[in-house]
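One structure is given here, and the rest of the page talks about it.
Residue numbers begin at 1 in each chain, while the letters A, B, ... track the order of the sequences.
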Amino acid sequence: MLAVLAAVTPAVPSFTPVTPAAANPATDPQTPPPGTLRVVLLSDDGTAAGPDVLVAPGGGPGDQDARLAAVVRDLEADRPRWVWHDTTRWYPRLLAAGVRVERCHDLRLARRILRASAWTARSAWAAQEPGPWDALEPLLPDAVPATPAPDALFDIDVPRDVPAELDPVAELRAQLDVLATASGEPGASARLRLLVAAESAGALVAAEIRHAGLPWDAAVHDAILTDALGPRPRLGVRPARLEALAVRIRDALDAPDLNPDSAPHLLRALGYAGVPVTSTRQWELESVDHPVVAPLLEYKKLYRLYTANGWSWLDAWVHDGRFRPDYVVGGVVTGRWATSGGGALQLPHGVRRAVVADPGWVLVVADAAQLEPRVLAGLAHDERMARAGRGGDLYQGMVDAGAVATRDEAKIGVLGAMYGGTTGQSAVLRPRLAAAYPDAVALVDAAARTGEAGDVVTTRLGRTSPRPGDEWQASQSGAFDESATAADESRARTTTRAWGRFTRNFVVQGTAAEWALCWLATLRGRLHALAPADAAGAAPAPFGRTPHLVYFLHDEVVVHAPAALADDVAAVLRESAAEAGRLLFGAFGVDFPVTVATVESYADAK
DNA sequence: TCCAGGGGCGCG
DNA sequence: AAAGCGCGCCCCTGGA
């Protein structure tokens with residue numbers, strides 16, 4: 001069953017006339033008042049399946065939320081797939097009202113996938129000019145206070161954020177049609193359906209992670225900072241350790257006015273002092289023997305900690321013992337998640353010490369081992385590469401099979417093949433890799449050639465790469481013009497190859513992101529099933545004492561769980577990884593082992 | 001005074 | 001050691 005949380009009559013009557021697009025005169029003889037929420041019940045094929053459920057507006061603050069929550073909780077018994085414009089606009093409020101849903105169809109995210117997929121490209125719907133649905137952006141959590149002021153007007157007001165003409169029922173039916181007629185690969189429809197479901201589940205997970213929050217001990221974080229930088233300074237003053245290092249740097253370079261935060265200034269000062277570098281990058285400085293190098297490298301390290309994850313970050317992002325990441329599902333072209341603030345995906349290892357489970361709880365940390373090479377083996381149906389990864393370390397498996405001499409070589413060779421490395425050791429290893437794993441190498445090489453030709457590539461489940469942009473077009477036409485110079489041609493070649501490296505990597509990174517979504521989706525369901533009989537407890541509703549996801553990082557997750565359930569959670573993490581592999585690659589036998597660690601602090605996971 | 005772009009570095 | 005891919009965030013700079 002599909003339940004479209006949808007035809008919402010405007011909460012602001014003056015905003016637009018009250019003419020709900022999905023109003024059905026047969027069941028609604030009277031137009032409901034402004035601010036009414038409507039749940040449209042449909043069968044899986046999109047046909048009507050029952051009378052609409054209306055949620056009246058009004059009452060005190062939060063009253064309508066509470067009524068909606070009751071309606072949703074009721075309907076959950078029938079396990080509907082909730083269909084809505086956009087998870088970021090609905091789900092945080094349902095969670096705040098204590099309600100979890102099992103599954104959803106996020107029309108905004110699904111549309112982005114389906115409009116761009118090579119498997120739906122022949123449909124008229126995909127060919128339409130961009131419209132208001134395409135302009136719909138996710139709602140940043142900053143715009144929705146987690147805890148609204150008690151006297152705030154708290155009606156659900158989607159029309160303020162979503163143009164009223166965006167009829168979710170019509171959009172859903174269009175998407176179901178396009179899904180049914182997808183073609184271009186065996187099972188194209190089923191794969192795209194899986195992708196839409198997984199992407200939508202990801203949207204639920206992202207909202208739930210933000211709702212629950214990553215347990216964060218601000219005192220531990222402050223101790224890390226004080227230990228590294230000295231006591232917290234007044235606003236606008238360098239911490240003591242940084243200032244002391246700045247003095248040493250100025251002395252070593254004989255540059256009393258040097259501001260080490262300015263790269264150009266620093267580079268000039270290095271030049272005057274006779275330090276042979278062309279940049280101030282860490283790796284270049286490390287190759288130089290000069291008294292300035294040690295304090296400068298130390299300064300850069302601490303400066304980064306201070307600016308990116310210092311006291312200001314702590315003030316801005318950690319409240320009530322929780323860091324709430326602003327994930328942006330599908331925010332990266334390849335389908336990976338991005339973040340819109342707080343830098344949750346760049347959490348330095350050095351501050352992970354501050355991620356500490358609640359008393360009586362543990363963090364169960366899981367990491368998919370060599371995810372991308374395994375995905376490549378599955379994509380290419382490369383039996384030998386799959387065999388190398390069976391059971392254990394894929395790189396060591398390659399050594400044991402005699403393909404390369406050392407684990408390090410295996411890693412460099414594989415990464416080089418996936419990223420398009422053309423220099424150094426990865427270039428040297430290339431022929432050996434191609435000889436041992438011809439199918440895998442052929443797949444990424446073909447993806448690169450497709451990109452170089454200006455064409456698109458597609459992941460296992462149907463996410464399709466963007467077309468090359470203006471720069472690529474310009475360099476192509478420029479290079480073949482009569483007046484083209486050698487420099488034009490060289491620039492065109494550089495641009496073309498860069499795009500080839502992008503499409504080469506897109507198929508692997510994008511399919512790995514799909515694997516991760518399937519992992520999350522399965523995990524989410526199975527963790528919920530571990531709920532103890534009395535689930536009320538430490539975590540905010542609807543989690544209570546149920547293990548739940550609190551962090552995600554491309555191929556790694558952190559689950560916050562009551563200590564007694566740690567082993568069950570570990571088992572679920574492994575089973576879910578295996579299930580994700582089956583969802584993507586069916587019976588083709590490629591293993592997806594995960595390393596699991598049960599810890600008090602995230603820093604102890606590795 | 002504002003903002004785009006570059007340098008640099010954190011993560012996978 | 002980085003390289004080859006994908007990001008976000010910080011600061012500074014220089015032009016409008």
Is the distance from OP1 or OP2 of [N] to the nearest side-chain N or O of [X] less than 4.0 Å?
X	N	result
A/Lys300	B/dG8	no
A/His349	B/dC9	no
A/Gln425	C/dA1	no

Quiz item: Between A/Glu199 and A/Arg463, is there a side-chain N and carboxylate O pair less than 4.0 Å apart?
Solution: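 Here A/Glu199 pairs with A/Arg463 in a salt bridge, since their nearest N and O are under 4.0 Å apart.
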Self-check item: Pairing of A/Glu579 and A/Arg582 as salt bridge, 4.0 angstrom limit
Solution: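 Yes, this pair counts.
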Practice problem: Can you tell me which stems involve DNA chain C, if a stem is defined as three or more consecutive Watson-Crick or G-U wobble pairs, both distances under 3.5 Å? | Solution: B:1-12 with C:5-16
Whole angstrom is fine here: how far is it from [atom1] in [X] over to [atom2] in [N]?
X	N	atom1	atom2	value
A/Arg281	B/dG6	CZ	C1'	11 Å
A/Phe552	C/dC7	CZ	P	15 Å
A/Glu298	B/dC9	CD	C1'	15 Å
A/Trp337	C/dG8	CH2	P	15 Å
A/Leu345	B/dC9	CG	P	20 Å
A/Leu433	C/dA3	CG	P	20 Å

Quiz prompt | Candidate nucleotides B/dG10, B/dG12, B/dG7, ranked by approach to the side chain of A/Lys606 - the nearest | solution = B/dG12
Practice problem: Using the test side chain to side chain donor-acceptor pair (under 3.5 Å), find all partners of A/Glu284 that sit at least two apart in sequence or belong to another chain. | Solution: A/Thr278, A/Ser279
Practice problem: Answer yes or no: does atom CZ of A/Arg322 have more than 12 heavy-atom neighbours from other residues, nucleotides or ligands under 6.0 Å? | Solution: yes
Quiz item: Heavy-atom count around A/Asp254 CG within 6.0 Å, excluding the residue itself: above 12?
Solution: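 Result for CG/A/Asp254: open.
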Need one value for [X]: base, sugar-phosphate or nothing, where a base atom within 4.0 Å counts as base even if backbone is also close, heavy atoms only.
X	value
A/Gly341	sugar-phosphate
A/Arg430	nothing
A/Ser279	sugar-phosphate
A/Glu372	nothing

Enumerate all atom pairs, one protein N or O and one N or O from nucleotides 2-4 of chain B, separated by less than 3.5 Å.
none

Exercise. Just jot down the side-chain contact (heavy atoms from CB on, under 4.5 Å) partners of A/Ser262, sequence neighbours excluded, or say none.
Key: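 A/Ser262 satisfies side-chain contact (heavy atoms from CB on, under 4.5 Å) with A/Asn259, A/Pro264, A/His265 only.
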Quiz prompt | Residues forming a side-chain contact (heavy atoms from CB on, under 4.5 Å) with A/Ala597, sequence neighbours excluded | solution = A/Val599, A/Ala605
Quiz item: Can you list every pair that meets ring pair (Phe, Tyr, Trp, His ring centres under 6.0 Å) and has a residue in residues 328-351 of chain A, with sequence neighbours left out?
Solution: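 Non-adjacent pairs meeting ring pair (Phe, Tyr, Trp, His ring centres under 6.0 Å): A/Tyr327-A/Trp337, A/Trp337-A/Phe552.
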Exercise. With sequence neighbours excluded, give me every ring pair (Phe, Tyr, Trp, His ring centres under 6.0 Å) pair touching residues 269-298 of chain A.
Key: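 Residue pairs passing ring pair (Phe, Tyr, Trp, His ring centres under 6.0 Å), neighbours aside: none found.
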Quiz item: Is the ring centre of A/Tyr602 less than 6.0 Å from the ring centre of A/Tyr551?
Solution: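 Yes, ring centres under 6.0 Å apart.
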Quiz item: Taking only residues at least two apart or on different chains, which pairs with a member in residues 422-435 of chain A satisfy salt bridge (Lys or Arg N to Asp or Glu O under 4.0 Å)?
Solution: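 Output for this query lists A/Glu409-A/Arg432, A/Arg430-A/Asp445.
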Quiz prompt | Check: A/Arg210 main-chain N/O paired with A/Arg324 side-chain donor or acceptor under 3.5 Å | solution =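 Between the backbone of A/Arg210 and the side chain of A/Arg324 there is a qualifying donor-acceptor contact (under 3.5 Å).
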Self-check item: Closest-nucleotide ordering on DNA chain C, the 5'-leading residue of A/Trp283 and A/Arg304
Solution: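 By nearest-heavy-atom nucleotide position, the 5'-most residue is A/Trp283.
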Quiz item: Of the options A/Arg238, A/Arg304, A/Lys300, which is the one that meets A/Asp261 in a salt bridge (charged side-chain N to carboxylate O under 4.0 Å, His left out)?
Solution: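 Running salt bridge (charged side-chain N to carboxylate O under 4.0 Å, His left out) over A/Arg238, A/Arg304, A/Lys300 with A/Asp261 returns exactly one hit, A/Arg238.
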Self-check item: Pairwise side-chain hydrogen bond (donor to acceptor under 3.5 Å, both in side chains) hits with a residue in residues 411-425 of chain A, at least two apart
Solution: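 Residue pairs passing side-chain hydrogen bond (donor to acceptor under 3.5 Å, both in side chains), neighbours aside: none found.
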Self-check item: Sequence neighbours excluded, every pair satisfying side-chain hydrogen bond (donor to acceptor under 3.5 Å, both in side chains) that has a member inside residues 216-237 of chain A
Solution: A/Trp216-A/His221, A/Asp222-A/Trp311, A/Arg232-A/Asp315
What are the atom names and distances for every N/O pair under 3.5 Å that joins the protein to nucleotides 4-6 of chain C?
{"residue": "C/dG4", "atom": "O3'", "partner": "A/Arg501", "partner atom": "NE", "Å": "2.8"}
{"residue": "C/dC5", "atom": "OP1", "partner": "A/Arg501", "partner atom": "NE", "Å": "2.8"}
{"residue": "C/dC5", "atom": "OP1", "partner": "A/Arg501", "partner atom": "NH2", "Å": "3.3"}
{"residue": "C/dG6", "atom": "O4'", "partner": "A/Gln509", "partner atom": "NE2", "Å": "3.0"}

Quiz item: Reading nucleotides 11-16 of chain C 5' to 3', which nucleotides get B (base under 4.0 Å from a protein heavy atom), which S (sugar-phosphate only), which -?
Solution: SSS---
